[in-house]
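In what follows, every chain begins at residue 1, and chains take the letters A, B, ... in the order their sequences are listed. This one's a predicted model, so the numbers in the text were calculated from it and none came from an experiment.
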There are 2 protein chains.
Amino acid sequence: MRISELAEVTGVPVHTLKFYLREGVLPPGAATSRTRADYGEAHVERVRLVRALVEHGGVSIGDIRSIVEALDSPPPSRHELLGVAHRALPGVTAGAEVSAEVADLLESLGWTTCTDGPLAAGLTAAVAAARAAGVELAPAELRRYAEAMRAAAEVDVEVALRATSAADALRTVVLGTVMVDPVLLALRRIAQEGVSAERG
Amino acid sequence: MRISELAEVTGVPVHTLKFYLREGVLPPGAATSRTRADYGEAHVERVRLVRALVEHGGVSIGDIRSIVEALDSPPPSRHELLGVAHRALPGVTAGAEVSAEVADLLESLGWTTCTDGPLAAGLTAAVAAARAAGVELAPAELRRYAEAMRAAAEVDVEVALRATSAADALRTVVLGTVMVDPVLLALRRIAQEGVSAERG
DNA sequence: ACCTATCGGACAGTAGCACTATCCAACGAG
DNA sequence: CTCGTTGGATAGTGCTACTGTCCGATAGGT
């Protein structure tokens with residue numbers, strides 16, 4: 001299909017599609033002449049993905065470029081898959097410090113694989129930011145939060161293991177992480193009201 | 001203290017403090033003359049709060065205004081407290097539809113208080129966005145996510161109940177929701193690697 | 001063959017946000 | 001008395017995600 005048809009199918013203006021082509025988040029179509037290109041079903045899916053990430057995931061175009069590059073590149077081994085996926089995702093600032101409290105927490109939970117990585121640094125930063133804003137966050141509470149998220153992560157991993165190919169697993173992990181985050185946060189707020197009602 | 005001292009103490013430039021005054025997220029100081037005002041410890045705390053919300057919570061100035069207005073207004077009854085807090089928080093778009101699936105889920109979990117509210121609508125939107133992006137999200141998985149977040153919410157509610165005054169509880173809920181969200185998401189990523197390592 | 005509506009591509013412009021810079025008259029400490 | 005600082009107003013900056021305009025080439029109908 002031509003770019004105007006792609007625009008019609010996806011509901012995204014032609015100009016915006018051109019912008020996505022320029023930014024490298026949408027691969028070029030198969031050129032049929034110097035001024036024509038042919039787009040397929042894969043392009044429709046990609047556009048839907050980009051729109052979902054921008055509108056509901058709040059992901060920037062630059063970060064989306066990392067994500068689609070990861071999705072397009074030859075999938076790594078199962079072992080490295082999560083690392084690649086997490087590196088493509090936004091919010092990971094390498095090189096930061098890991099607090100002793102976070103290191104202890106991870107060790108006590110048996111998660112020793114990433115005690116020094118950027119994820120632990122990100123957690124340290126998030127905890128520090130919460131405390132700076134005046135939130136009291138005792139280690140015991142942090143641990144209970146961690147165990148709650150372990151339950152969520154178990155679902156994540158089961159879904160990812162269900163994937164038939166490594167490429168599919170990568171896609172599942174990246175998308176599942178970005179797009180399910182808002183679902184979890186919405187559930188948290190609802191659960192607060194639910195739990196509060198149960199106890200009041 | 002004067003505005004320049006407030007800037008020095010908080011590390012925020014004077015110009016930015018003026019901007020916060022204009023935007024109504026920082027209350028004016030006590031005027032000592034037509035060109036002087038006096039700021040106190042409450043202002044220092046407020047500036048730290050605003051910075052934390054902007055930098056680490058990703059909250060816009062407009063939403064911060066809602067939050068601080070909620071914090072400043074006379075606290076409601078315990079019963080309405082969560083509703084007020086959630087209404088002040090960003091990401092709540094009223095008037096949207098609630099899917100049957102979400103309504104069923106909430107009912108099966110016993111959370112009947114907000115089956116029709118904006119929170120359920122937000123959850124519906126988040127689930128729809130995830131599916132639109134290509135994430136398969138079976139009702140059974142959604143339910144497991146919900147139960148994981150119930151565990152997190154139980155911590156939230158316990159912390160809030162520990163507050164001595166209603167104003168303190170409101171502050172705890174609002175801040176705890178906004179600032180702990182990134183902590184939970186960081187924990188989720190780490191837990192994914194941990195769980196994956198356990199099973200691999 | 002001709003004509004007109006796209007097409008792809010390049011470049012600049014827009015809107016919104018979170019600041020940031022410049023001015024100005026009015027203080028107020030030395 | 002003077003000179004730096006203050007509060008206040010107005011305008012500008014840099015960033016991001018588009019959006020508008022223009023251009024030459026071409027596809028498709030006649």
Handout entry: N or O in side chain of A:Ser33 less than 4.0 angstrom from D:dA27 OP1/OP2
Key = yes
Handout entry: Atom-to-atom span, CZ of A:Arg22 to P of C:dG13 - whole angstrom
Key = 14 Å
Handout entry: Length of the line joining A:Glu23:CD and D:dT16:P, which is rounded to integer Å
Key = 10 Å
Exercise for the section: Have a look at B:Val47 and tell me which of B:Val9, B:Val12, B:Thr16 forms a side-chain contact (heavy atoms from CB on, under 4.5 Å) with it. Expected result: B:Val12
Handout entry: Integer-rounded Å distance: C:dC7 P and A:Asp38 CG
Key = 12 Å
Practice task
Indicate whether OP1 or OP2 belonging to D:dC18 is found under 4.0 Å from a side-chain N or O atom of A:Tyr20.
Solution key: yes
Handout entry: Whole angstrom value for the distance that separates P of D:dA17 from CD of A:Glu55
Key = 13 Å
Handout entry: OP1 or OP2 of D:dT19 under 4.0 Å from side-chain N/O of A:Thr16
Key = yes
Handout entry: 5'-most by nearest nucleotide on DNA chain C - B:His15 or B:Phe19
Key = B:Phe19
Exercise for the section: Confirm from the modelled atom types if A:Arg65 and D:dT16 form a donor-acceptor pair under 3.5 Å, side chain to base only. Expected result: no
Problem - Within 6.0 angstrom of B:Glu158 CD, more than 12 heavy atoms from elsewhere - result: yes
Fill in the blank from the handout: Atom CG of B:Leu17 and atom P of C:dA18 are separated, to the nearest Å, by 16 Å
Exercise for the section: Any chance you could lay out the side chain to side chain contact (heavy atoms under 4.5 Å, CB included) test for A:Glu136 and B:Val159, step after step, and finish with the verdict? Expected result: CA-CA 9 Å; A:Glu136 289 172 35; B:Val159 171; over 6 Å; no
Practice task
Would you mind classifying the nucleic acid contact of B:Val54 as base, sugar-phosphate or nothing, using non-hydrogen atoms under 4.0 angstrom?
Solution key: sugar-phosphate
Exercise for the section: List the steps, then state whether side chain to side chain contact (heavy atoms under 4.5 Å, CB included) holds for A:Val59 with A:Val178. Expected result: CA-CA 8 Å; A:Val59 187; A:Val178 174; 3.7 Å; yes
Exercise for the section: Check the side chains of A:Arg143 and A:Ser108 for a donor-acceptor pair under 3.5 angstrom, ignoring hydrogens and angles. Expected result: yes
Exercise for the section: Could you check which of D:dA17, C:dG8, D:dT19 has an atom nearest any side-chain atom of A:Ala37? Expected result: C:dG8
Handout entry: A:Ile64 CD1 - D:dT16 P separation (whole Å)
Key = 13 Å
Completion exercise
To the nearest angstrom, the CZ-P distance between B:Arg36 and D:dT5 comes to 10 Å
Handout entry: Any A:Arg2 side-chain nitrogen or oxygen under 4.0 Å from OP1 or OP2 of C:dA5
Key = no
Exercise for the section: Write down the distance between CG (A:Asp63) and P (D:dC15), rounded to a whole number of angstrom. Expected result: 16 Å
